[in-house]
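Scroll down for the structure; my scribbles are underneath it.
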Amino acid sequence: MPWQATSRFRLSRDYYEQLQSDWLKHISRWRRFTIPFGVALILIGLIVLFTTDSHLAIPLGFVGTGIFEIVRHFQHHRKWIRDRLLEKSFDHPVEIDFTDAKITIRGPQGSGFCTWDAFERYRMTPRGLFLWPRKGVHIYIPDSSLTPVEAKAEIAARIGGASAK
């Protein structure tokens with residue numbers, strides 16, 4: 001019996017918030033550490049301020065840099081979401097059909113299909129699945145959009161267990 005699965009979702013604010021959250025927690029190499037780094041700098045500045053006789057500029061430099069890093073993190077998040085909301089594709093539907101032979105994608109910029117070997121790796125998260133084609137940017141598929149629900153593991157297996165970076 002032929003295998004088939006479908007993912008249908010809208011490029012909504014909720015979709016982009018979930019994508020950003022999952023990317024930050026599971027994909028990002030450094031950006032996920034900006035808030036802990038900023039907090040650490042603030043704490044170092046306060047420790048230096050209260051435990052040494054150094055000039056005020058040194059602890060204030062640590063505290064200021066820590067605050068800057070935290071503010072920059074939230075500004076980047078807000079700008080990234082705002083940029084997505086201003087795209088022409090915002091709030092349009094996306095449909096991805098998975099079959100034994102191919103993956104068909106229909107979205108606001110067009111439609112097309114590719115074979116399974118067009119994807120080189122994947123990353124499963126608790127709320128979704130990232131797919132990386134050999135050329136291009138990743139595709140994020142929320143778990144809530146998949147039918148059947150078990151398709152997530154099958155999609156990952158078809159891309160290849162060794163590519164789960």
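Just so it is clear, the structure is predicted and the values come from calculations on it, not from any experiment.
H92 places a side-chain N or O within donor-acceptor distance of the main-chain N or O of F90, the cut-off being under 3.5 Å. Checking side-chain atoms of R123 against main-chain N and O of L131 turns up no donor-acceptor pair under 3.5 Å. Not one N or O on the side chain of R106 forms a donor-acceptor pair closer than 3.5 Å with the backbone of S111. The backbone N or O of I47 sits less than 3.5 Å from a side-chain atom of T51, completing a donor-acceptor pair. Side chain of K152 to backbone of T125: a donor-acceptor contact under 3.5 angstrom is found.
The aromatic rings of W3 and W116 are tilted relative to each other, their planes meeting at an angle between 30° and 60°. Between Y16 and W80, the ring planes are perpendicular. Angles over 60° get that label, and only those under 30° would be called parallel.
Tested against Y140 for a side-chain hydrogen bond (donor to acceptor under 3.5 Å, both in side chains), the candidates Q20, R127, Q18 yield a single pass: Q18.
Nearest heavy-atom pair, F33 versus R29, reported as atom, atom and distance to 0.1 Å: CE1-O, 3.3 Å. Across every non-hydrogen atom of D117 and R134, the tightest pair is O-NE, 2.8 Å. Between K102 and F113, the shortest heavy-atom contact is CD-CD1, 3.8 Å. Shown here for F98 and S7, the closest heavy-atom pair between the two residues is CE1-CB, 4.3 Å. Taking all atoms of both residues into account, the shortest heavy-atom contact from V94 to P108 is CG2-CD, 4.1 Å. Annotation for G45 and V63: closest pair CA-CG2, 4.0 Å, computed over non-hydrogen atoms.
Side-chain contact between L146 and I155 is present, with heavy atoms from C-beta onward closer than 4.5 Å. By the 4.5 Å heavy-atom criterion applied to side chains, Y122 and M124 are counted as neighbours. A heavy-atom distance below 4.5 Å is found between the side chains of H138 and W23. At a threshold of 4.5 Å between non-hydrogen side-chain atoms, the residues P126 and H26 count as touching. A heavy-atom distance below 4.5 Å is not found between the side chains of D143 and V149. Between I139 and I96 there is a side-chain heavy-atom pair separated by less than 4.5 Å. Using a 4.5 Å heavy-atom cutoff, the side chains of S144 and F9 are not in contact. Side-chain contact between I35 and F74 is present, with at least one heavy-atom pair separated by less than 4.5 Å.
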Start with the C-alpha gap between I159 and E154, add the side-chain angles, then the distance that decides, and say whether side chain to side chain contact (heavy atoms under 4.5 Å, CB included) holds.
CA-CA 9 Å; I159 291 174; E154 179 66 23; over 6 Å; no

Quick one: do I27 and D22 satisfy side chain to side chain contact (heavy atoms under 4.5 Å, CB included)? Show the steps, please.
CA-CA 7 Å; I27 307 300; D22 273 6; over 6 Å; no

Please lay out, stage by stage, how I70 and Q75 fare under the test side chain to side chain contact (heavy atoms under 4.5 Å, CB included).
CA-CA 9 Å; I70 292 170; Q75 283 180 330; over 6 Å; no

Step by step, would you call H77 with R31 a side chain to side chain contact (heavy atoms under 4.5 Å, CB included)?
CA-CA 10 Å; H77 172 77; R31 190 165 298 278; over 6 Å; no

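Rounded to the nearest 0.5 angstrom, I105 CD1 and I141 CD1 are separated by 7.5 Å. The CZ atom of R84 lies 12.0 Å from the CD atom of E17; values are rounded to the nearest 0.5 Å.
Among residues two or more places apart in sequence or in another chain, the salt bridge (Lys or Arg N to Asp or Glu O under 4.0 Å) test is passed with D14 by none.
Residue pairs meeting the side-chain hydrogen bond (donor to acceptor under 3.5 Å, both in side chains) criterion with at least one partner in residues 55-69, sequence neighbours excluded, are E69-R72.
Under a 4.5 Å side-chain heavy-atom cut-off, the cluster of Ile, Leu, Val, Met, Phe, Trp and Tyr residues that includes L86 has no other member.
Between R10 and D91, at least one side-chain nitrogen of the basic residue sits less than 4.0 Å from a carboxylate oxygen of the acidic one, meeting the salt-bridge criterion.
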